[in-house]
Amino acid sequence: MLNYDPLACLPSSEELPDSDDSPVDNELQDLIPGLLKAILAMAWPERMDWYFGVDMGIYYDPDLPAIVPDGFLSLGVERFYDENLRPSYVLWEEKRVPVLALEVVSQKYRGEYSTKKSEYAKLGILYYVVYNPNRRRKPRLEVYKLVNNAYELHDGNPVWLPEIGLAIGMERGTYLGIPREWLYWYDQQGQRFFTPQEQAKLAQQEAQEALRRVQLLAERLRSLGIDPDSLT
């Protein structure tokens, strides 16, 4: 009997484009998901079962173009494949639908509130996050959860995502020297995780404080007639 493997007939991630080749029309569409990815790498340093894609194609049907969110998070997958990393995210290889999709709206709408929202719901993506920095009268950040195959809006800032074990929210801060409103990850108590730059600055301050204490101790020993260098 012929053994037939349907996966053998499907293109691999290496054979598929990694994005839709459409240039972003707002730099925030790269910077905001990039910041969220960088914070995750620091919040989950030991975990190797997650992946955060930025402007990467999600392939769900070999006969259809990929869906390309500004950012997406998957859990229960390999964080790294090899040194070349993932060229794209292919559902028939990963066998995991992303748990969260992120869209950052620019001046030009790209179906974030209509077609893309419907596509993500059909895929079964649990959380859909839309950030629109241009809104004034409506919420700039909207977090939807898939309930009975339809997205329901969740209020709050930040919004706790129990299946992920994190909250997502917005507040003003500085990233890459740019002071503005950014999206961040938070813990269950609402404490914001540091950015890489903030963590580096904190480490530098702690090192300077430790050095200051050593210097004060050395001065105290000298005042008592003890050479601190003789103690080493």
Side-chain angles (χ1 to χ4, degrees), residues 26-54 69-77 79 96-106 112-113 116-117 120-121 124-148 150-207 209:
N26 188 315
E27 193 175 6
L28 292 177
Q29 291 169 339
D30 278 334
L31 293 180
I32 287 176
L35 173 58
L36 290 173
K37 181 176 184 176
I39 295 173
L40 266 187
M42 300 185 66
W44 291 343
E46 304 300 327
R47 288 188 61 171
M48 301 301 290
D49 64 342
W50 63 275
Y51 180 74
F52 195 97
V54 178
D70 291 324
F72 67 88
L73 172 65
S74 284
L75 300 178
V77 299
R79 185 175 175 193
R96 290 277 184 172
V97 174
V99 70
L100 179 147
L102 166 70
E103 292 289 351
V104 178
V105 183
S106 66
E112 291 89 351
Y113 297 104
K116 284 198 170 184
K117 184 179 178 183
Y120 296 143
I125 295 178
L126 184 60
Y127 289 104
Y128 177 44
V129 179
V130 188
Y131 175 65
N132 188 340
N134 304 306
R135 278 187 162 182
R136 295 296 179 268
R137 296 188 178 183
K138 293 183 178 181
R140 293 185 297 282
L141 178 65
E142 294 183 342
V143 179
Y144 296 88
K145 185 175 183 179
L146 194 64
V147 179
N148 297 324
Y151 280 123
E152 293 183 357
L153 181 63
H154 281 227
D155 295 326
N157 180 40
V159 177
W160 176 245
L161 315 174
E163 294 82 1
I164 299 176
L166 296 171
I168 193 169
M170 61 182 183
E171 65 177 87
R172 292 196 65 84
T174 300
Y175 175 57
L176 299 180
I178 306 169
R180 70 170 319 277
E181 185 176 76
W182 296 97
L183 299 190
Y184 299 96
W185 298 111
Y186 300 76
D187 64 19
Q188 193 167 8
Q189 289 69 46
Q191 295 296 313
R192 179 169 70 79
F193 287 96
F194 288 132
T195 68
Q197 288 80 6
E198 290 170 336
Q199 188 65 47
K201 183 177 181 180
L202 178 62
Q204 183 183 34
Q205 291 173 343
E206 290 175 346
E209 177 62 20

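Note that the structure is a prediction, hence the values are computed from the model and not measured. Computation of the quantities below employed the complete heavy-atom set of this structure, encompassing side-chain atoms and omitting hydrogens, waters and symmetry-equivalent molecules.
Within a 6.0 Å radius of CZ in R96, no more than 12 heavy atoms belonging to other residues, nucleotides or ligands are found.
Here the straight-line distance linking atom CZ of F72 with atom CD1 of I125 works out to 8.5 Å at 0.5 Å rounding. Distance check: E27 CD to I32 CD1 gives 10.5 Å after rounding to the nearest 0.5 Å. Going from atom CZ of R192 over to atom OH of Y186 covers 6.5 Å, rounded to the nearest 0.5 Å. Summarising the geometry, atom CG belonging to D70 is positioned 7.5 Å from atom CD belonging to E112; distances are rounded to the nearest 0.5 Å. Atom CD in E181 sits 4.0 Å away from atom CZ in R140 (nearest 0.5 Å). Put simply, CD1 on I39 and CH2 on W185 are 9.0 Å apart, with the number rounded to the nearest 0.5 Å.
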**Request:** Determine, step by step, whether D49 and V77 satisfy the side-chain contact (heavy atoms from CB on, under 4.5 Å) criterion, reporting the C-alpha distance in whole Å, the side-chain angles of both residues, the deciding distance to 0.1 Å, and the verdict.
**Result:** CA-CA 5 Å; D49 64 342; V77 299; over 6 Å; no
**Request:** List the steps and the verdict of side-chain contact (heavy atoms from CB on, under 4.5 Å) for L183 and L35.
**Result:** CA-CA 8 Å; L183 299 190; L35 173 58; over 6 Å; no
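Under the 30°/60° scheme for interplanar angles, the aromatic rings of W44 and W50 are found to stand perpendicular.
A distance-only check finds no donor-acceptor pair linking the side chain of T174 to the backbone of G177 [under 3.5 Å]. Put simply, the side chain of Q29 gets close to the backbone of V104: a donor and an acceptor are under 3.5 Å apart. Under a 3.5 Å cut-off, the side chain of N26 and the backbone N or O of V105 do not form any donor-acceptor pair.
Salt bridge present: K145 and E163 bring a charged side-chain N and a carboxylate O closer than 4.0 Å. Between K117 and E142 there is no salt bridge, since none of the side-chain N atoms of the basic residue sits less than 4.0 Å from a carboxylate O of the acidic one.
Across Y120, Y128, Y131, a single residue satisfies side chain to side chain donor-acceptor pair (under 3.5 Å) together with E103, and that is Y120.
Looking at residues two or more places apart in sequence or on another chain, you find a ring pair (Phe, Tyr, Trp, His ring centres under 6.0 Å) between Y175 and W182.
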